[in-house]
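Could you have a look at this structure, given as structure tokens, before my questions?
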Amino acid sequence: KNEKQENGALQTSNETNQLEVEIHLDRSPMHPQGGGQPSDHGVIACQATTNIPVIKIHKVAKPFTSTIVSHFGKMTPNDIPSLIGAEVTVTVDSDRRRILSECHTAGHVVDAAMARIDQVMPPTKGYHFLDGPYVEYRGSIPAERRAEVLEGLKSAFQDLVEEDIETKIAICSKDEAEKECNRLAQNFDLSIYTDEVRVVSVAGWPCPCGGTHVRSTKELKERGWGIKGLKCKKNVVRVKYGFTGTK
């Protein structure tokens with residue numbers, strides 16, 4: 001059941017009379033939904049026969065403790081037996097992957113911007129979807145300082161983009177990740193990890209992360225990513241970000 005990522009256009013089948021199927025591969029280039037990032041989309045094509053139409057994949061999932069990546073799409077019932085054990089080609093929607101990687105990286109730049117203006121707080125949630133992305137922190141900002149903090153965040157974010165800081169990814173032991181990610185403050189709970197931790201450093205700010213990212217903060221400039229708003233309520237600070245039109 002080997003697979004690989006290839007470029008090129010593929011023809012997809014008519015979805016009439018098709019069933020929703022869950023496909024497991026021994027490996028996959030598709031990123032599953034998780035860590036606040038939506039899943040990749042793409043197609044799966046069977047290499048052994050041209051009789052099976054290309055399968056459009058609209059969702060990819062992987063439980064945190066599992067090694068199985070599930071690909072969800074639609075097939076006609078008669079085609080299902082021919083796919084079992086077959087060698088397939090997996091093609092990722094590269095445009096979707098690109099913009100979601102930018103969105104996730106921009107969320108991490110928010111963390112770095114918070115640190116740059118001395119507002120380090122434990123992050124509690126990252127929502128890196130395109131319909132209104134944000135990062136939430138546990139803490140509070142006095143009402144009289146919120147406008148000042150928002151302007152500081154906007155400026156710090158754009159400075160970090162202009163500084164063209166390389167994204168770095170490392171697989172660390174749990175102890176190494178603890179030292180690296182919590183060196184400034186006890187921001188990350190690594191108790192859910194059993195052994196190795198994937199640590200992503202964006203704009204010089206490291207954190208445990210399994211998502212996809214762009215190579216440098218400068219790659220966020222073309223679409224004009226930036227800070228859009230700040231909201232504080234019940235010991236939660238939400239920083240909204242997205243396309244700001246500033247390039």
Side-chain angles (χ1 to χ4, degrees), residues 1-5 22-42 44 57 59-72 88 90-94 96-115 120-129 133-138 160 165-217 219-220:
K1 294 182 291 184
N2 293 330
E3 54 74 33
K4 58 184 178 179
Q5 180 179 351
E22 179 179 339
I23 300 170
H24 296 171
L25 305 175
D26 60 351
R27 62 187 188 274
S28 176
M30 286 193 174
H31 184 271
Q33 180 169 318
Q37 178 176 333
S39 78
D40 281 336
H41 290 176
I44 293 178
I57 301 301
K59 179 183 176 182
V60 186
K62 175 188 173 298
F64 184 80
T65 57
S66 173
T67 60
I68 296 174
V69 179
S70 298
H71 305 71
F72 296 89
V88 298
V90 179
T91 303
V92 176
D93 181 336
S94 58
R96 176 179 170 86
R97 164 71 73 84
R98 172 67 193 194
I99 196 168
L100 292 179
S101 296
E102 288 183 19
C103 187
H104 200 156
T105 300
H108 284 231
V109 176
V110 173
D111 292 337
M114 288 282 283
V120 177
M121 302 176 188
T124 56
K125 182 179 180 180
Y127 182 79
H128 309 300
F129 287 62
Y134 60 84
V135 182
E136 288 186 345
Y137 304 89
R138 184 172 65 251
L160 290 164
I165 304 169
E166 180 186 4
T167 298
K168 297 180 180 180
I169 299 174
I171 304 299
C172 304
S173 70
K174 191 173 178 179
D175 288 343
E176 290 171 336
E178 180 73 40
K179 292 176 182 176
E180 179 70 9
C181 297
N182 289 327
R183 68 179 190 271
L184 296 180
Q186 198 66 28
N187 283 338
F188 301 101
D189 180 6
L190 302 181
S191 63
I192 60 173
Y193 296 92
T194 57
D195 187 14
E196 293 183 331
V197 182
R198 183 176 186 262
V199 175
V200 176
S201 180
V202 171
W205 184 254
C207 75
C209 177
T212 63
H213 294 275
V214 296
R215 292 185 175 89
S216 165
T217 56
E219 296 188 31
L220 302 179

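Keep in mind that what you see is a predicted model, and the values were worked out from it rather than measured.
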Go through the structure and list residues passing side-chain contact (heavy atoms from CB on, under 4.5 Å) with S101, not counting sequence neighbours.
-> R97, T212, V214
Identify, with sequence neighbours excluded, every residue that meets ring-ring contact (aromatic ring centres under 6.0 Å, His included) alongside H128.
-> H104
Would V69 and L25 count as a side chain to side chain contact (heavy atoms under 4.5 Å, CB included) if you check the C-alpha gap in whole Å, the side-chain angles of each, and the deciding distance to 0.1 Å?
-> CA-CA 7 Å; V69 179; L25 305 175; over 6 Å; no
From NE2 (H71) to CE (M30), nearest 0.5 Å = 6.0 Å
Any donor-acceptor pair under 3.5 Å linking the side chain of H31 with the backbone of V60?
-> no
Which residues pass the side-chain contact (heavy atoms from CB on, under 4.5 Å) test with Y127, sequence neighbours left out?
-> F129, D131, Y134
Side chains of V120 and W205 in contact at under 4.5 Å (non-hydrogen atoms) | yes
Could you tell me whether a side-chain N or O of R96 sits under 3.5 Å from a main-chain N or O of S39, the two making a donor and an acceptor?
-> yes
Please assess I57 against V90 for the test side chain to side chain contact (heavy atoms under 4.5 Å, CB included), listing each intermediate value before the final yes or no.
-> CA-CA 10 Å; I57 301 301; V90 179; over 6 Å; no
In chain order, what residues pass the side-chain contact (heavy atoms from CB on, under 4.5 Å) check against E176, with sequence neighbours excluded?
-> C172, S173
Quick check: does any side chain N or O of T217 sit under 3.5 Å from a backbone N or O of L160, one acting as donor and the other as acceptor?
-> yes
For E102, salt bridge (Lys or Arg N to Asp or Glu O under 4.0 Å) partners two or more places apart | R98, R223
Who are the side-chain hydrogen bond (donor to acceptor under 3.5 Å, both in side chains) partners of S70, not counting sequence neighbours?
-> E22, H24
